[in-house]
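Have a look at the structure below, then the notes.
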Protein chains: 2
Amino acid sequence: MLEEFKSKDIPYSRVLSSMCTIPHPIAVKAHVEFINANLGDPAVFRGSAELEKEVVRMIGELLHHPNAKGYIASGGTEANIQAIRAFRNLKRVKKPNVVVPESAHFSFDKAGEILRVEIRKAKLDGEFRVDVGDVERLIDDNTVGIVGIAGTTALGQIDPIEELSELALERDVFLHVDSAFGGFVIPFLDLNVKFDFELEGVSSMTIDPHKMGLATIPAGCILFRDESFLKALAVKTPYLITEKQYSLTGTRPATGVASTYAVMKYLGFEGFRKVVRRCMEVTRYLVERMGELGFEPVIEPIMNIVCFKCEKAFEIRNELYKRGWVVSAIRNPRALRFVVMPHVDFEVIDKFVEEMKNVLRKV
Amino acid sequence: MLEEFKSKDIPYSRVLSSMCTIPHPIAVKAHVEFINANLGDPAVFRGSAELEKEVVRMIGELLHHPNAKGYIASGGTEANIQAIRAFRNLKRVKKPNVVVPESAHFSFDKAGEILRVEIRKAKLDGEFRVDVGDVERLIDDNTVGIVGIAGTTALGQIDPIEELSELALERDVFLHVDSAFGGFVIPFLDLNVKFDFELEGVSSMTIDPHKMGLATIPAGCILFRDESFLKALAVKTPYLITEKQYSLTGTRPATGVASTYAVMKYLGFEGFRKVVRRCMEVTRYLVERMGELGFEPVIEPIMNIVCFKCEKAFEIRNELYKRGWVVSAIRNPRALRFVVMPHVDFEVIDKFVEEMKNVLRKV
């Protein structure tokens, strides 16, 4: 019975625009071992809770701040909501607002609606990075924080976090870096770019193990510079032995904690470097093959995300979908979008390009 | 390495106050089969999305409304937040408030803080049911909804949902029923009580498969009477083929959907009836054995939750915890609290009572 439903899912080998992927086999193994544990009750699941602390330390280390405080969340959306919530709760202004780049993920719109925080959108520059001047212009007395993206959803672009950090310090607002995707990519690229806690103005970061961290779903992560942000999220918990809870959810799985730990220990930073290097090779191959079909990238890919200018992006996407292939289309600029996750290999690209030729004859 | 952490978790066989339990073996099997799927992308995971619709229909059927609209959430906290959020968004008042019983789970305090909705607490009657007169007194022009609990966290008590339903209709406010625990219990008890969508005033319900539904974590469920509530939660989703998202999280697992489906199909309502009957037998046995030690229940247990009056509740809880046993303590009335989940069998009770005798000699 379940198999029937499962067979209707499109296999990852035909999905070229997901930020999730097939988890590492070692992640699945660890996940299953912790399938019964509930991190919502850390006095009972003491070992799982300790493991979470260790994973937070390891991810903190990756982001230049092993003492960061945070937890493994249900995903990037929860992480982004929690950052904005902490900012709102710490700066007690009447009509709070947060300035995000136009390129920010839609979870910030969701967070704003939920938290009753106005989301102001700053313009992008010609390279689709946020225009820091426009961010500055949008800041006022009610601004509780600003956001920078390290690996935008559409293009994989990295905002000028260093400048945003200076601006945040200067204007005394918090700075959240959404590196849900980029957090497990940027440290393994040979880029000369600062985007994490080594910048003094960065207050919090989102980084998702269930994206390029190859962990199982659900595994997001929110990290804060210090405990004060978590305290701003805490509610009292009667019935439990522990007294406070700062996660958005109550009962929560330890599976993502275990799977993240397992992959990070198994691969190490060197292993992740290899994974990222391979994804970049395949990304360049995709650019080359799409070039043969006359497509030009919107920007040279910085990470394993690439968009190709295409007026008929939506028609092509829909036609591909009918044939069981998944890519996405973006509106501004109009383009076809690809995320080259580890499951997208050279062979997948070759098969895709053949289908693409058929589609181009049709649309 | 992971084993070391895992060994520090207290095994369920010594946990007598958790609302989670060891999932049914068939739930674990189904969970693992769907470990890669992401319901945040339903156009890709079409089969998983279809399965979710079917599970929602099945749970709706259990609650007298097979056409209820909703989804499998991360847990009861998300479900409660989403109900309050929908109410707030649909009734556009300036300073929204919701009236909940004093016995409501702390997730309502969390929801109120997040959503900027005032949470008003109505008094309980002598049987620890909400005082409907007090709920009525607390309703004003800014009240967007009221809440009834079907299976309170502390005592497993059921609020007079029928009266709350009438009140909700009369005062034109929404009514949310939190049956996170009771939803998979009450239908299988021989109680003559209405608590679900068969009551016209009920707008939404929380029911958690990962509690008495024996599914794997995370699996909560929020059900609404109709689509309009989901629409009030929707945000636009660029990058995806589907256009809107109403869940609190973005990326979300299909594991809870699969495990819930598997258990419900395997056990059927008759199977659940047996599980609940057995839990009630063990609950009565616990009352008997605790009676031998001189303890008296706060109320006769209605479901498989029972509290015993005890001035030294916190000292006893702490002493038990030191010895690797988990019960909880409540403040008002001061009592020791037990949740008799399926993992708590006669043998566990006997072992616990022996330890309890040792503890009583000490405190």
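In the text below, chain A, chain B and the rest are named by the order of the sequence lines, each starting its count at 1.
- Side-chain atoms of His210(A) and Thr251(B), non-hydrogen and from C-beta on, do get closer than 4.5 Å to each other.
- The environment of CZ in Phe106(A) is crowded: more than 12 heavy-atom neighbours from other residues, nucleotides or ligands sit within 6.0 Å.
- The minimum heavy-atom distance between Thr249(A) and Ser74(B), with the atom names listed, is CG2-OG, 3.2 Å.
- At a threshold of 4.5 Å between non-hydrogen side-chain atoms, the residues Met1(B) and Glu54(A) do not count as touching.
- Classification of the Phe5(B)-Tyr261(A) ring pair by plane angle, with boundaries at 30° and 60°, yields perpendicular.
- The choice from Pro238(A), Gly75(A), Ser17(A) that makes the most heavy-atom pairs within less than 4.5 Å of chain B is Pro238(A).
- Taking 4.5 Å as the limit, some side-chain heavy atom of Leu51(B) sits within range of a side-chain heavy atom of Leu2(A).
- From Lys110(A), atom NZ reaches atom CG of Leu248(B) across 6.5 Å, with rounding to the nearest 0.5 Å.
- For the set Asn89(B), Ile81(B), Leu233(B), the entry with the most heavy-atom pairs within less than 4.5 Å of chain A is Asn89(B).
- Within the 4.5 Å cutoff, the side chain of Pro23(A) has heavy atoms near those of the Asn36(B) side chain.
- Among Val326(A), Leu115(A), Val32(A), the residue with the largest count of heavy-atom pairs under 4.5 Å with chain B is Leu115(A).
- Note: Arg337(B) leads Arg337(B), Arg14(B), Met19(B) in heavy-atom pairs under 4.5 Å with chain A.
- Contacts between Phe314(A) and chain B at a heavy-atom distance below 4.5 Å are absent for every atom of the residue.
- Neither the backbone nor the side chain of Arg331(A) comes within contact range of chain B; no heavy atoms are under 4.5 Å apart.
- Between the CD1 atom of Ile241(B) and the CG atom of Asn318(A) there is a distance of 7.0 Å, given to the nearest 0.5 Å.
- With a threshold of 4.5 angstrom between heavy atoms, Val44(A) approaches chain B through its backbone and through its side chain.
- Heavy atoms closer than 4.5 Å to chain B are found nowhere in Glu78(A), neither backbone nor side chain.
- Of the atoms belonging to Ala73(A), not a single heavy atom falls under 4.5 Å from chain B.
- One finds the CG atom of Asn38(B) at 4.5 Å from the CD1 atom of Ile217(A) (value rounded to the nearest 0.5 Å).
- The contact between Phe45(A) and chain B is made by backbone and side chain atoms together, counting heavy-atom distances below 4.5 Å.
- For Arg46(A), the parts sitting under 4.5 Å from any heavy atom of chain B are the backbone and the side chain alike.
- How far NZ of Lys236(B) is from CG of Asp109(A): 9.5 Å, rounded to the nearest 0.5 Å.
- With respect to chain B, the highest number of heavy-atom pairs below 4.5 Å among Gln245(A), Lys265(A), Glu113(A), Arg252(A) belongs to Glu113(A).
- When heavy atoms are compared at a cutoff of 4.5 Å, Ser107(A) does not approach chain B at all.
- For Ile114(A), the parts lying under 4.5 angstrom from a heavy atom of chain B are both the backbone and the side chain.
- At a 4.5 Å heavy-atom cutoff, the contact between Ala154(A) and chain B is made by backbone and side-chain atoms alike.
- Considering all non-hydrogen atoms of both residues, Ile10(B) and Ala43(A) come closest at CD1-O, 3.9 Å.
- Summarising the geometry, atom CD1 belonging to Ile35(A) is positioned 12.5 Å from atom CD1 belonging to Ile22(B); distances are rounded to the nearest 0.5 Å.
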Inset, instruction - Kindly indicate, with the supporting measurements, whether the criterion salt bridge (charged side-chain N to carboxylate O under 4.0 Å, His left out) is fulfilled by Glu33(A) and Lys6(B). - result: CA-CA 8 Å; Glu33(A) 274 180 52; Lys6(B) 202 182 161 190; 5.1 Å; no

Inset, instruction - Would you check, one step at a time, whether the test side chain to side chain contact (heavy atoms under 4.5 Å, CB included) holds for Arg116(A) with Arg88(B)? - result: CA-CA 11 Å; Arg116(A) 296 262 151 130; Arg88(B) 183 199 68 178; 3.2 Å; yes

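- At a 4.5 Å heavy-atom cutoff, the contact between Ser48(A) and chain B is made by backbone and side-chain atoms alike.
- Looking at Glu4(A), there are no atoms closer than 4.5 Å to chain B (heavy atoms on both sides), in backbone or side chain.
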